[in-house]
Amino acid sequence: MDVSYILDQLNDAQRDAVTADSPGTLVLAGAGSGKTRVLVHRIAWKIKVEGLSPYSIMAVTFTNKAAREMRGRIEELLGSSLQGGMWVGTFHGLAHRLLKAHAREAGLPENFQILDSDDQLRLMKRIHRELQLDDSRWPPRQSCYFINGHKDEGRRSAHIDDPGGDLYLQTMLKVYRRYEEICQQQGVIDFAELLLRALELWRDNPAVLAHYQQRFKHVLVDEFQDTNAVQYAWLRILAGNGMPITAVGDDDQSIYGWRGARIENIQQFSKDFADTRIIRLEQNYRSTGTILSAANAVIKNNSQRLGKELWTSGEDGEPITLFAAFNEQDEARFVTDRIDELLRQDYRRADIGILYRSNAQSRVLEEALIRSGQPYRIYGGQRFYDRLEIKNALAYLRLIALRDDDTAMERVINTPTRGIGNRTVEMLREYARDHQLSLWQSAMAMIQNGALTARAGNALRGFLSLVEDLAEQCSDQSLDEQVDLVIDKAGLIAFHQKEKGEKGQARIENLQELVSAARSFTPEDPDADLLREFLDQAALDAGEQQADEHEDSIQLMTLHSAKGLEFPIVFMVGVEENLFPHKMSMDDPARLEEERRLAYVGITRAEQQLFLSYAESRRLHGQENFNSLSRFIREIPNDLINEVRINNTVTRPSSFASGNIAAQAAADCGIALGQRVLHSFFGAGTVLSFEGQGASARVQVNFEDEGSKWLVLQYANLELL
Ligand code: ATP
Ligand code: MG
């Protein structure tokens, strides 16, 4: 049997890794060096050459998409179908499969259900009500966070030490216990529980474990650097007794520390799995020499590294393009213009990835793509106008515009929670049906004729007057002030503030981003009601179907979701201090290093061309920020970068009089060269020059304390001195 084709397209080190017969094999290598490829070929090798049955192989990938791809590639190599016999999937997917097969031993009903994070929160609210915990003091989200965090570390309520007099811990523990009880009664399990249950199943049922230890002859794990404590323990319990295990990973790409991933698992591996062979791959096959040098130059600034250098035999390729945008709109325009150009060459849309640090950045990009008619897909996330917090905010605005909007009313009548229970809502619906009224009208009628209990009536009255008050206050405000008012006064910001961790923060950022969207909104019909127009536009944007999986579309995603993927063309947008690195990580060296690893992940996604962009002034989360270029990009040697401005006709003072549009606009504001001005943020300074036009017109000011800065004229808000 000729199996050379399995090894043909591999280098020596990769071949070594594919054919290694050590019990433990750890492939430790940088991005694009073929780790995932090694896993695929190793599986094919095991099946074709060593004669293992697909049935006896388990492979763990980081996403379901990666699992599908891996399966496809193995089948390609084997020339035959795996027919589901092989276990390929994420930790969560495999745990689910295991628990379904052994529900009884795992102490679960046969038809147990998975509780997603929204369900979990809803259940938590119920528990808080039952335990009479005041939501403002004891945010339900915080309880979810507490429980998930402990489960990720393998701790059940019974494992938590007696909290003594600590009221916070006492309360959390009480909630945790009750939560466990109810989940057990209802037969539901959350995401963290899936993993923990699967671990306990094997730990507490020797017969079940023995079955799998006999069944599996080899376990393989991709993206090993991002495994958490429970996942690692699960692998160890299965394979710790000498079952061959192969893990591939890159310490430089560990980016989920904030979610419990433990980089230390890499060092632990050779201690826990006997006779581990460590194999390093150093040749990169993905990126051009230039892109790779940039990635190496960035990551070398991290101190906590196992240390490795990547090289490529490929060409240097194009220099990296760095675009200094005036603002976020200008940045988005740069991206879509370049995309148009690329598509006129030989690229397909799917060859292009746009990566950003935080979800809220997608909005401006999405709008620009919609405007330029480019289908796009947001990978591993939702489109801006589909997000829960945005829909909530829009629902309030819709009610303000039209009280009879039942869908909007249903959505926010009890969000944030204000004591209007399902029963009341059900009564409203019934009344509305019987009397052919809207929910709003029904609510008014039912309050008037005393059809509700005093408590329900009060809660409902509170909601109606909140909306009326908001409408009143909004009446003489600009659109962005209206949005700002609503997200604040309706309690949406406070609602998400209680949610701990990145998620709540991200939702708040998205809400603030909606304020930005309102501020820069220009209606098609200037005479129309602005709020209505805005809501219509948002509804259209939300209704615009996400390009389906098979349609050729531009790929948008956060840097986190891009791990493991590759694109011929990558745009990394928003490479600015405070945005990337994220401002929350600025003061913590360990988190800063995690951000740098994220930059490394981003850069190394690019095969042929990398475009970086930053905005000198950025409206994000409803605020205007002036950030400088990201330190990570400053770590890239200058000779690898080609810096461009679309409008590179910087106006020198002498050309001021010659009809320059920025200068004209500035003159209209009474600003002249040499004019002394005051900026609320930067203080006093002197105007140096102007450039650009229209919404991009900018003015350069030399501030006494802050040095020289370019400001977008339209938003600069300069006071003449
Ligand atoms: P990451 O760390 O980003 O997950 P990786 O180490 O898993 O990267 P792969 O995705 O396996 O790297 O490989 C990167 C690219 O290089 C892929 O397109 C792969 O097909 C290609 N490649 C890997 N090894 C070789 C080789 N020996 N010859 C040709 N192409 C290769
Ligand atoms: Mg990979």
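If you're wondering where the values come from, they're calculated on a predicted model, not measured in any experiment. One is the number of the first residue; the rest follow in order along the sequence.
Side chain of Glu366 to main chain of Phe384: a donor-acceptor pair is present (N/O by atom type, distance under 3.5 Å, no hydrogens or angles). Panel note: side chain Asn284, backbone Thr312; no donor-acceptor pair is recorded below 3.5 Å. Here the side chain of Thr290 pairs a donor or acceptor atom with the backbone of Asp316 at under 3.5 angstrom. Of the possible polar contacts, one joining the Glu576 side chain to the Ala615 backbone as a donor-acceptor pair under 3.5 Å is found.
Remark: of the listed residues Gln268, Glu153, Gln267, Glu153 is the sole one forming a side-chain hydrogen bond (donor to acceptor under 3.5 Å, both in side chains) with Arg262. Considering Lys563, Lys35, Gln253 as possible partners of Glu223, the one that fulfils the side-chain hydrogen bond (donor to acceptor under 3.5 Å, both in side chains) test is Lys563. Between Leu77 and the choices Val3, Ile43, Val40, the side-chain contact (heavy atoms from CB on, under 4.5 Å) rule is met once, by Val40. Asp251 pairs with exactly one of Arg597, Lys308, Gln304 by the side-chain contact (heavy atoms from CB on, under 4.5 Å) rule, that one being Lys308.
The two residues Gln555 and Ser553 make their nearest non-hydrogen contact at NE2-O, 2.8 Å. Of all heavy-atom pairs spanning Ala350 and Asp552, the tightest one is N-OD1, 2.8 Å.
Remark: the Gln120 side chain and the Asn148 side chain contain an N/O donor-acceptor pair separated by less than 3.5 Å. A donor and an acceptor atom, one from each side chain of Thr25 and Ser22, are located under 3.5 Å apart. Counting only N and O atoms by type, the side chains of Thr336 and Gln374 include no donor and acceptor under 3.5 Å apart.
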Do Asn302 and Tyr600 pass the side-chain hydrogen bond (donor to acceptor under 3.5 Å, both in side chains) test, and can you show the C-alpha distance, the side-chain angles, and the key distance before you say yes or no?
CA-CA 11 Å; Asn302 267 8; Tyr600 175 77; over 6 Å; no
Take Thr246 and His218, measure what side-chain hydrogen bond (donor to acceptor under 3.5 Å, both in side chains) needs, and give me the verdict at the end.
CA-CA 8 Å; Thr246 303; His218 207 107; 2.7 Å; yes
Determine, stepwise, if the pair Trp234 / Tyr232 fulfils ring pair (Phe, Tyr, Trp, His ring centres under 6.0 Å).
CA-CA 5 Å; Trp234 189 70; Tyr232 184 75; over 10 Å; no
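Ion pair Arg618/Glu331 flagged as a salt bridge, since at least one NZ, NE, NH1 or NH2 atom sits closer than 4.0 Å to an Asp/Glu carboxylate oxygen. Residues Arg280 and Glu309 are not paired through a salt bridge, judged by the lack of any N-O separation under 4.0 Å between the basic side chain and the carboxylate. Electrostatic pairing of Arg634 and Glu577 counts as a salt bridge here, judged by a charged N lying under 4.0 Å from a carboxylate O. A salt bridge does not link Glu595 to Lys583: none of the charged nitrogens lies less than 4.0 Å from a carboxylate oxygen.
Looking at heavy atoms from C-beta onward, Arg37 lies in side-chain contact with Gln9 at the 4.5 angstrom threshold. Residues Met58 and Tyr212 have side chains not in contact (no heavy-atom distance under 4.5 Å, counting atoms from C-beta outward).
For Asp8, the CG atom counts as densely surrounded, since its 6.0 Å shell holds more than 12 non-hydrogen atoms of other residues, nucleotides or ligands. Around atom CZ of Arg15, more than 12 heavy atoms belonging to other residues, nucleotides or ligands sit under 6.0 Å away.
Cation-pi geometry between Arg596 and Phe632 is not satisfied (NZ or CZ under 6.0 Å from the ring centre, within 45° of the ring normal).
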